[in-house]
Amino acid sequence: MISENPFAKFREECETALAYALKKTLPEIRVEALSLSKPPNIDFGQLASSLCFELAKKLKQKPIALAERLVSAMPISDFSLIEKTIAAGGGYVNFYADFRKFSDLTLSSVGQLNSKYGFVRTDNPVRVIVEHTSVNPLHPIHIGQARNPMLGDALARILECRGHIVSRHYYIDDVGRQSSVVAYGYLKLGKPKPDEKADRFVGKIYTVTCCLIELNRLKREFELAKAALLSDEAAKINKRLAEWTSIAAELEEKIPTLFGKLLAKIGEDENPEEEINQLNRAYEDGEPEAKNLIREVSELCIQGFRETQHRVEVQYDSWDWESDFVWSNRVSKVLQKLKTSPFVYTEDGVLEFDAEKVVCTLKLKGKMGLRENYEVPPLTLVRADGTTLYTTRDVAYTLWKFDRADRVVNVIGMEQSLAQLQLKLVLYALGYSRYADNFVHFAYNLITLPGYKMSSRRGRYISFDEVLDEAVERAYEEVLKRSPQLPEDEKRDIANFVGIGAVRYALVDVDPSKPVIFTWDRVLNFETNSAPYVQYTHARACSILRKASRKPRNADFGLLKEKLERELVLTVASFPDTFIAATEYLKPNLIADFANALADKFNTFYNALPVIKAEPKELSDARIALTDAVRIVLHNALSLIGVVAPEKM
RNA sequence: GGGCGGGUAGCUCAGCACGGAUAGAGCAUCACCCUCCUAAGGUGGGGGUCGUGGGUUCGAAUCCCACCCCGCCCGCCA
């Protein structure tokens with residue numbers, strides 16, 4: 001007898017028993033919910049109902065008196081997993097599991113389902129596209145952006161284990177001025193071969209080119225302002241000029257050769273800014289030369305991304321080029337359709353989308369969680385020169401996604417909340433309300449450096465690679481201290497999965513809505529509440545099982561009487577519930593928290609009670625089965641957030 | 001000005017979707033525990049106006065209202 005969700009089975013029994021008792025003692029009463037929840041302490045049972053507090057007032061009776069009546073009417077003997085119920089705490093009905101049977105059910109289930117345990121399949125599998133990362137191909141992924149792939153990949157893993165058909169997409173935003181800027185710099189340098197990791201190389205070109213272009217532009221503006229006798233304006237420009245001049249000095253010191261070359265080459269151009277704008281237009285028009293150039297730089301940068309992603313075991317099923325949607329006329333087709341709707345208007349030659357009108361006409365305020373008096377700002381769809389904007393193109397992309405999926409989850413920073421809302425409203429305006437309803441913006445907050453925001457244009461960022469390098473390096477120091485006897489390649493291997501695991505865990509563990517200030521200590525934690533801690537616990541369980549070197553054939557689960565053992569069984573039994581909550585509410589951090597809590601309990605158990613040497617053998621076998629269950633659940637939980645579960649470390 | 005998100009121990013964070021029993025961890029700090037299955041571990045101590053003020057409720061960190069502080073957004077940028 002096994003169950004894919006042992007705790008839910010217990011809960012169902014409690015619900016049935018309570019409903020029966022309620023009907024029997026108070027037949028006239030109708031309640032909305034049975035208010036069953038986990039009590040704060042295992043001593044109060046494994047489930048408790050606060051129902052009697054709600055009924056007390058209605059019936060003008062004391063809660064505890066009601067609880068006692070319900071308890072005495074409870075048909076306990078009809079249920080296999082309920083040992084007893086008790087009225088306590090002023091009016092709670094506490095349900096106690098029959099731990100012999102409950103432990104048996106739980107540990108047998110985990111043992112048999114093994115690597116599938118916990119991953120309760122949905123009854124309603126759908127095709128889901130998770131779009132994540134989508135860092136512009138201009139510079140390496142920096143630590144602020146790295147939160148995105150870690151969350152996105154965990155979401156994809158979780159949804160997949162839930163039984164959905166998941167596809168992971170990377171949207172390459174190659175349309176826009178910034179791509180032309182880096183391509184321009186690359187061209188000026190004579191399309192050099194990278195002498196380092198490709199994205200790092202491209203990032204340097206981008207930053208230096210940005211800086212030189214910005215200086216060039218500000219200098220002209222300054223002269224113009226001075227000539228026009230606009231002294232306030234000139235002063236403002238001068239201030240920014242000073243900022244960029246100091247950035248230039250910084251860059252010149254850091255990368256003198258590249259800086260010198262670009263300075264000389266860009267200096268040859270009369271008007272670099274205009275060259276960039278031309279390149280941008282040519283690219284949108286699909287002119288072969290521009291296409292080849294921008295694709296070449298972008299591909300170069302993406303090659304670097306792939307290396308990083310390979311390191312952290314993040315994969316994509318599809319790389320979607322924004323430019324393809326422009327060239328294939330998907331964008332213009334969407335625009336044509338939008339123009340026939342009553343929700344767009346032209347103002348000064350610019351096509352605008354009236355988001356507010358959509359919300360009012362289709363009465364979406366309540367549904368979208370907007371205040372009645374809030375007016376959604378309009379969205380510009382097409383510039384006066386006829387070119388499209390980012391969100392416009394994203395509409396075409398979103399429709400393309402819905403040709404392939406029932407649900408779309410976009411992992412995008414919360415600073416884009418308004419744009420994502422407007423995009424959703426465009427879907428409604430086009431009549432695709434089913435799409436809109438299944439369009440999810442998974443928003444996360446920024447990671448900043450102490451004192452300032454990261455800025456790729458200014459070259460102020462810590463790259464994800466640097467963080468990973470440092471993490472692995474520090475992990476290696478730890479391995480040297482703790483396991484000097486291991487062979488060198490094993491040390492390196494451990495340092496790698498520990499360092500990378502630590503970073504992945506740290507970025508998934510905090511609630512995505514919280515802003516994070518990056519510090520090394522924060523990400524490179526090797527103690528409690530970190531991946532290394534959970535990994536260590538897993539390795540520890542493996543070690544016990546290795547030493548035990550036998551299958552627990554004679555386990556008597558009735559002998560697991562210690563509170564620590566029962567808490568462990570209960571936690572293991574609750575994993576499916578946690579998994580379901582994580583998928584339904586899209587909260588990967590629940591998985592990290594769960595893994596940490598389970599590791600905590602297991603370590604306490606480990607320090608307090610012997611496993612292999614426990615007497616009698618039936619108890620020892622039961623503890624071995626428990627250890628194995630913990631091992632399996634830790635492994636499964638870690639796999640959901642992409643962290644290696646090692647057998648040794 | 002409007003919108004969104006955040007504000008819980010000295011620091012970093014859980015808990016809030018679904019209101020319940022003494023508000024939990026880690027770091028830091030102090031004192032302990034390896035003849036014993038991995039000490040990246042465990043045990044114990046001290047440390048809290050849950051931003052502020054109202055309200056709803058038998059009961060509020062959790063729900064509602066107002067306000068304060070921090071961040072982001074409100075572009076013919078992405």
Side-chain angles (χ1 to χ4, degrees), chain A residues 33 35 37 39-41 44 48 50 53-54 56-57 62-63 88-92 94 136 173 175-178 322 347-352 369-371 373-377 379-385 387-391 393-394 413-419 421 443-446 448 453 475 478-479 481-483 498 509-517 519 521-522 525-530 532-537 539-548 581 584-585 587 589-590 593 596-597 599-600 602-614 623-624 627 648-649:
Chain A
S35 303
S37 63
N41 191 311
F44 299 148
S50 56
F53 292 98
E54 291 154 45
K57 206 182 177 195
K62 283 194 173 165
Y92 290 96
N94 293 343
N136 296 356
D173 178 16
V175 182
R177 221 184 77 99
Q178 71 289 339
E322 186 178 16
E347 197 173 81
D348 302 327
V350 168
L351 193 69
E352 297 277 350
L370 305 169
R371 291 207 183 202
N373 51 2
Y374 172 64
E375 264 188 52
V376 186
L379 170 74
T380 302
L381 296 166
V382 182
R383 292 187 188 96
D385 70 0
T387 55
T388 55
L389 284 103
Y390 176 79
T391 309
R393 300 188 292 266
D394 205 359
M414 55 166 264
E415 71 277 5
Q416 290 193 48
S417 294
L418 176 59
L421 171 67
Y444 61 93
N445 215 318
L446 253 51
T448 52
K453 259 169 69 173
E478 294 295 315
V479 180
K481 264 192 280 177
R482 298 166 202 276
S483 316
V498 166
D509 182 44
V510 283
D511 189 309
S513 66
K514 300 256 186 191
V516 167
I517 297 170
T519 57
D521 283 353
R522 182 185 182 111
N525 176 22
F526 298 145
E527 290 167 340
T528 305
N529 199 9
S530 71
Y533 175 70
V534 180
Q535 289 173 316
Y536 182 76
T537 310
R540 187 177 246 181
C542 289
S543 173
I544 294 173
L545 295 166
R546 222 170 18 242
K547 292 242 162 86
E584 299 307 302
Y585 301 109
K587 284 183 158 211
N589 51 317
L590 292 182
D593 287 342
N596 184 63
D600 267 344
F602 182 73
N603 284 321
T604 306
F605 162 82
Y606 169 87
N607 274 278
L609 303 165
V611 175
I612 298 168
K613 289 179 181 163
R623 285 183 181 162
I624 289 171
T627 301
K648 281 185 193 170
M649 71 182 266

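Chain letters run A, B, ... following the sequence lines, proteins first, then strands; residues in each count from 1.
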Say you pick atom [atom1] in [N] and the same atom in [M]; how far apart are they, in whole Å?
N	M	atom1	value
B:G19	B:C50	C1'	15 Å
B:U29	B:G46	C1'	9 Å
B:U43	B:G24	P	16 Å
B:A31	B:A60	P	41 Å
B:G3	B:A28	P	43 Å
B:A9	B:G48	C1'	5 Å
B:U62	B:G15	P	15 Å
B:G45	B:C4	C1'	43 Å

**Study point:** Selected nucleotide, minimal atom distance to A:Tyr533 side chain, candidates B:A17, B:C74, B:G41
**Key:** B:G41
Review point. Between B:C58, B:G41, B:A40, which nucleotide has the shortest distance from any of its atoms to the side chain of A:Asn607?
Key: B:G41
Check your understanding: Under the side chain to side chain contact (heavy atoms under 4.5 Å, CB included) criterion, do A:Lys453 and A:Thr448 qualify, and how do the steps go?
Key -> CA-CA 5 Å; A:Lys453 259 169 69 173; A:Thr448 52; 3.9 Å; yes
Check your understanding: Please walk me through it: do A:Ile544 and A:Tyr606 pass side chain to side chain contact (heavy atoms under 4.5 Å, CB included)?
Key -> CA-CA 10 Å; A:Ile544 294 173; A:Tyr606 169 87; 3.7 Å; yes
Can you see if the side chain of [X] gets near the phosphate of [N] - specifically, an N or O under 4.0 Å from OP1 or OP2?
X	N	result
A:Arg482	B:G41	no
A:Tyr606	B:C36	no
A:Thr528	B:G26	no
A:Lys57	B:C58	yes
A:Ser37	B:C18	no
A:Arg383	B:C77	yes
A:Thr604	B:U43	yes

Tell me what [X] touches on the nucleic acid: a base, only sugar-phosphate, or nothing, going by heavy atoms under 4.0 Å.
X	result
A:Val498	base
A:Asp600	sugar-phosphate
A:Leu389	sugar-phosphate
A:Val479	base
A:Lys453	sugar-phosphate
A:Pro63	nothing
A:Ala56	nothing
A:Ala48	base
A:Lys648	base

I'd like a table of atom pairs between the protein and nucleotides 3-7 of chain B - only N or O on both sides, under 3.5 Å - with the distance next to each one.
residue	atom	partner	partner atom	Å
B:G5	O2'	A:Ser513	O	3.2
B:G6	O3'	A:Lys514	NZ	3.4
B:G7	OP1	A:Lys514	NZ	2.4

Distance, nearest 0.5 Å, that separates [atom1] of [X] from [atom2] of [Y]:
X	Y	atom1	atom2	value
A:Ile612	A:Arg546	CD1	CZ	10.5 Å
A:Gln416	A:Thr391	CD	OG1	7.5 Å
A:Asn596	A:Asn529	CG	CG	4.0 Å

Review point. Watson-Crick or G-U wobble partner for B:G1, using a 3.5 Å limit on both distances?
Key: B:C74
**Study point:** Base paired to B:C11 (Watson-Crick or G-U; both N/O distances under 3.5 angstrom)
**Key:** B:G26
Practice item. Answer yes or no: side-chain N or O of A:Asn94 and base N or O of B:A21 forming a donor-acceptor pair under 3.5 Å. Key: yes
Could you state the [atom1]-[atom2] distance from [X] to [N], rounded to the nearest angstrom?
X	N	atom1	atom2	value
A:Leu379	B:C73	CG	P	16 Å
A:Asn525	B:A28	CG	P	9 Å
A:Leu590	B:A17	CG	P	13 Å
A:Asn529	B:A40	CG	P	18 Å
A:Gln416	B:G75	CD	P	14 Å
A:Phe526	B:G26	CZ	P	19 Å
A:Arg393	B:C76	CZ	P	14 Å
A:Glu352	B:C76	CD	P	6 Å

Revision key, fill the gap. Note: for A:Asn596 and A:Gln178 on RNA chain B, the residue whose nearest nucleotide lies more 5' is A:Asn596
Review point. Taking for each residue the nucleotide of RNA chain B bearing the nearest heavy atom, is the 5' side occupied by A:Pro610 or by A:Leu418?
Key: A:Pro610
Point to revise | Nearest non-hydrogen partners of A:Thr380 and A:Val350, listed with the distance | key: CG2-CG1, 3.3 Å
Revision key, fill the gap. Taking every heavy atom of A:Arg522 against every heavy atom of A:Ile517, the minimum-distance pair comes out as CD-O, 3.7 Å
Exercise for review: Decide yes or no on side chain to side chain contact (heavy atoms under 4.5 Å, CB included) for A:Leu421 and A:Leu370, but give the supporting numbers first.
Suggested key: CA-CA 11 Å; A:Leu421 171 67; A:Leu370 305 169; 4.2 Å; yes
Check your understanding: How far apart are the C-alpha atoms of A:Val498 and A:Met649, what are their side-chain angles, what is the distance that settles it, and do they pass the side chain to side chain contact (heavy atoms under 4.5 Å, CB included) test?
Key -> CA-CA 9 Å; A:Val498 166; A:Met649 71 182 266; 3.7 Å; yes
Review point. Hey, does the side chain of A:Arg623 reach the backbone of A:Pro610 with a donor-acceptor pair shorter than 3.5 angstrom?
Key: yes
Practice item. Assess whether side chain to side chain donor-acceptor pair (under 3.5 Å) is satisfied between A:Asp385 and A:Thr387, documenting all intermediate values. Key: CA-CA 6 Å; A:Asp385 70 0; A:Thr387 55; 2.6 Å; yes
Exercise for review: Please confirm whether A:Tyr536 and A:Tyr533 have ring centers closer than 6.0 angstrom.
Suggested key: no
Point to revise | Assigned glycosidic conformation for B:C27 [threshold 90° from 0] | key: anti
Check your understanding: Does the ring of A:Phe602 carry A:Arg540 above it, NZ/CZ under 6.0 angstrom from centre and within 45° of its axis?
Key -> no
Would you tabulate the nitrogen or oxygen pairs shorter than 3.5 Å linking the protein to nucleotides 22-24 of chain B?
none

